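First the structure, in the form of structure tokens, and then the observations on it.
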Amino acid sequence: MATTGTTNKSSTAKKSASSSSKTKSAAKKSSTPVARGNDAVAVLKRDHREVERLFKQYEQAKEDDARKQEIFQQIALELKVHTQVEEEIFYPESREFVKEQDTVNEAEVEHQSAKDLIAQLEGMQPSDDYYDAKVKVLQEMVEHHVEEEEKEYFPECQKSEMDTKAVGERILARKEELMGRMGGGSRAMH
Ligand SMILES: [Fe+2]
Ligand SMILES: [Fe+2]
């Protein structure tokens with residue numbers, strides 16, 4: 001995670017490094033920039049980044065069971081809403097624009113595996129054996145799935161005639177509805 005590979009934007013900066021070492025804190029970036037706008041791909045990518053952020057928080061909560069449970073509940077909510085809008089809207093809308101139907105089929109199967117694991121975790125306590133292991137495997141499954149969506153599936157849709165703007169608006173509206181219902185008002189939408 002070290003960010004030592006600075007780009008030499010200004011050669012004079014090197015000379016005064018000791019006196020200006022704090023000035024660049026605002027330049028801190030995550031490895032993947034947050035996608036802006038309401039295009040379907042941008043909306044779904046923002047969800048991906050949010051879930052990644054939550055999994056990192058979970059890792060940092062190491063021994064704090066109450067915190068771990070709270071973060072897992074947020075992860076579960078985010079993933080349920082996200083998988084539902086993809087399955088209800090994005091996947092069916094994009095199907096006709098992708099060459100290999102297995103791209104969509106595999107994504108659906110991966111969603112089911114994630115949901116199975118979430119259901120198991122919902123019946124457990126953070127102090128239980130295998131709780132952390134199951135959260136870790138869920139994280140790895142989600143990371144793999146997100147990578148395939150972002151590197152293959154989504155770019156294929158973006159290159160096609162698919163109306164990703166219109167689909168994005170529908171996804172946002174549905175997300176709002178589901179968050180209100182599933183979140184039970186315990187968490188603000190983003
Ligand atoms: Fe997905
Ligand atoms: Fe996704």
Side-chain angles (χ1 to χ4, degrees), residues 29-59 71-122 133-184 186-190:
K29 281 184 190 174
S30 64
S31 53
T32 318
V34 173
R36 299 196 174 276
N38 293 346
D39 172 274
V41 171
V43 172
L44 297 175
K45 280 186 174 178
R46 282 202 295 273
D47 286 355
H48 293 169
R49 299 293 84 77
E50 173 64 7
V51 172
E52 284 166 3
R53 187 184 71 80
L54 289 168
F55 274 120
K56 279 198 186 105
Q57 280 191 0
Y58 184 92
E59 284 174 347
I71 297 165
F72 169 70
Q73 281 164 358
Q74 287 181 34
I75 291 171
L77 173 62
E78 286 289 334
L79 287 177
K80 283 178 190 176
V81 171
H82 181 81
T83 53
Q84 190 165 339
V85 296
E86 284 187 337
E87 287 165 26
E88 278 183 8
I89 303 169
F90 190 85
Y91 291 177
E93 286 294 338
S94 61
R95 219 176 236 291
E96 64 178 292
F97 299 102
V98 298
K99 282 197 194 79
E100 300 289 340
Q101 291 303 292
D102 272 352
T103 302
V104 189
N105 295 348
E106 285 169 22
E108 288 173 340
V109 174
E110 286 168 0
H111 277 195
Q112 192 52 55
S113 300
K115 282 189 256 189
D116 290 347
L117 212 39
I118 289 168
Q120 290 177 40
L121 280 157
E122 284 176 334
K134 283 175 194 271
V135 171
K136 187 71 195 171
V137 171
L138 178 64
Q139 178 180 9
E140 288 168 355
M141 278 171 40
V142 168
E143 282 170 358
H144 163 82
H145 178 77
V146 161
E147 190 176 347
E148 289 196 334
E149 285 188 337
E150 296 196 7
K151 294 207 168 140
E152 292 163 34
Y153 188 176
F154 293 173
E156 191 177 355
C157 297
Q158 287 174 305
K159 279 181 223 149
S160 76
E161 300 287 299
M162 181 179 168
D163 189 349
T164 53
K165 271 226 164 68
V167 172
E169 297 296 339
R170 283 177 56 203
I171 289 174
L172 275 177
R174 185 67 173 138
K175 266 196 72 176
E176 192 167 330
E177 195 183 342
L178 291 172
M179 275 291 179
R181 197 185 301 167
M182 292 168 130
S186 63
R187 186 172 169 267
M189 287 174 350
H190 59 91

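As the structure lists them, so they are numbered: ligands from 1, and atoms in each ligand from 1. Predicted model, so just to flag it, every value in this text is computed and none were measured. Any value given below was found using the heavy atoms of this structure, including those in side chains, with hydrogens, waters and symmetry copies removed.
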Does the shortest distance from the Fe ion (ligand 1) to an N/O/S atom of Thr83 fall below 2.8 Å?
->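 It does not; every qualifying atom lies at 2.8 Å or beyond.
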With the Fe ion (ligand 1) as the reference point, give the N/O/S atom of His111 that is nearest.
->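 Of the nitrogen, oxygen and sulfur atoms in His111, the Fe ion (ligand 1) lies nearest to NE2.
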Have a look at Glu86 and say which of its N, O or S atoms is nearest the Fe ion (ligand 1).
->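 Of all N, O or S atoms in Glu86, the Fe ion (ligand 1) lies closest to OE1.
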Quick one: which of Glu149, Glu110, Gln139 gives a side chain to side chain contact (heavy atoms under 4.5 Å, CB included) with His144?
->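 Only one of Glu149, Glu110, Gln139 forms a side chain to side chain contact (heavy atoms under 4.5 Å, CB included) with His144, namely Glu110.
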Glu149, N/O/S atom nearest the Fe ion (ligand 2) |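 Restricting Glu149 to its N, O and S atoms, the minimum distance to the Fe ion (ligand 2) goes to OE1.
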Hey, is the Fe ion (ligand 2) within less than 2.8 Å of some N/O/S atom on His48?
->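 So His48 counts as coordinating the Fe ion (ligand 2), yes.
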Can you list the steps and then say if Val146 with Val51 is a side-chain contact (heavy atoms from CB on, under 4.5 Å)?
-> CA-CA 10 Å; Val146 161; Val51 172; over 6 Å; no
Would you find more than 12 non-hydrogen atoms of other residues, nucleotides or ligands less than 6.0 Å from Glu122 atom CD?
->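 Yes - once you tally the heavy atoms of other residues, nucleotides and ligands closer than 6.0 Å, there are more than 12.
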Is the closest side-chain donor-acceptor distance between Asp116 and Gln120 under 3.5 Å?
->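 Short answer, no.
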Look at the rings of Phe90 and Phe154 and say which category their plane angle falls in: under 30° parallel, 30 to 60° tilted, over 60° perpendicular.
->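 Rings of Phe90 and Phe154: perpendicular, as their planes differ by over 60°.
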